[in-house]
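Here's the structure, in structure tokens; my notes come after.
Owing to the predicted nature of the structure, the values given are computational and were not obtained by experimental measurement.
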Amino acid sequence: MYNQQNSTQNAIYWRCTKFNSGCSGRLKTDLTISLSDILSDHNHESDISKVNATKARAEMKRLATESEENVSAIYNRVSSTLDDESQAI
């Protein structure tokens, strides 16, 4: 997973969320967030549960703004697709 580091008129630069723990993973995207270049690889395994939880959170936010479904129904529907470890995050 990445956090935005900085941007220019043509590109966005991202670095690993574990940068402060020593990971040098970095990449560059265009302004539409399409991958342009992997600048350096991660030096650790990915945390698939955290990735799944982050994707689910983004989906819940999207549905909350785009649908007329109530928040608890959105939460129940999206969280039901997650495994126990991802739900715990």
Discussion item. If you apply the rule side-chain contact (heavy atoms from CB on, under 4.5 Å), what do you find for Q4 with W14, and how did you get there?
Written reply: CA-CA 4 Å; Q4 184 175 337; W14 305 83; 3.7 Å; yes

Practice prompt. Decide side-chain contact (heavy atoms from CB on, under 4.5 Å) for M1 and T54; before the verdict, give the C-alpha distance in whole Å, the side-chain angles of both, and the deciding distance to 0.1 Å.
Written response: CA-CA 9 Å; M1 294 183 36; T54 301; 3.3 Å; yes

Worksheet item: Would L27 and Y2 satisfy side-chain contact (heavy atoms from CB on, under 4.5 Å), going step by step from the backbone distance to the final call?
Response: CA-CA 8 Å; L27 57 85; Y2 295 89; 3.2 Å; yes

Item to complete: Could you please spell out the steps behind the side-chain contact (heavy atoms from CB on, under 4.5 Å) verdict for S34 and T29?
Response: CA-CA 5 Å; S34 295; T29 64; 5.9 Å; no

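Linking ILVMFWY residues whenever their side-chain heavy atoms come closer than 4.5 Å, directly or via other members, leaves Y13 and L31 in distinct clusters. Hydrophobic clustering (side-chain heavy atoms under 4.5 Å, transitive across Ile, Leu, Val, Met, Phe, Trp, Tyr) groups I12 together with L35. There is no path of hydrophobic side-chain contacts, each under 4.5 Å, that joins L82 to Y75.
Note that NZ of K28 and CD1 of I38 are 13.0 Å apart. Values are rounded to the nearest 0.5 Å. Atom-to-atom distance recorded for D41:CG and S24:OG is 8.0 Å, nearest 0.5 angstrom. A distance of 10.5 Å separates CD1 of I74 from CD of E68, quoted to the nearest 0.5 Å. In this structure, N76 CG and N70 CG are separated by 8.5 Å, a value rounded to the nearest 0.5 Å. Put simply, SG on C23 and NE2 on H42 are 5.5 Å apart, with the number rounded to the nearest 0.5 Å. The CZ atom of R26 sits 8.5 Å away from atom CZ of R15, with the distance rounded to the nearest 0.5 Å.
Side chain of Q87 to main chain of S79: a donor-acceptor pair is present (N/O by atom type, distance under 3.5 Å, no hydrogens or angles). In this structure, the side chain of S67 engages the main chain of L63 through a donor-acceptor pair within 3.5 Å. D30 contributes no side-chain N or O that, together with a main-chain N or O of S36, makes up a donor-acceptor pair within less than 3.5 Å.
Using modelled atom types and a 3.5 Å distance limit, the side chains of S86 and D83 yield a donor-acceptor pair.
Residue E85 places its CD atom among 12 or fewer non-hydrogen atoms of other residues, nucleotides or ligands, all under 6.0 Å distant.
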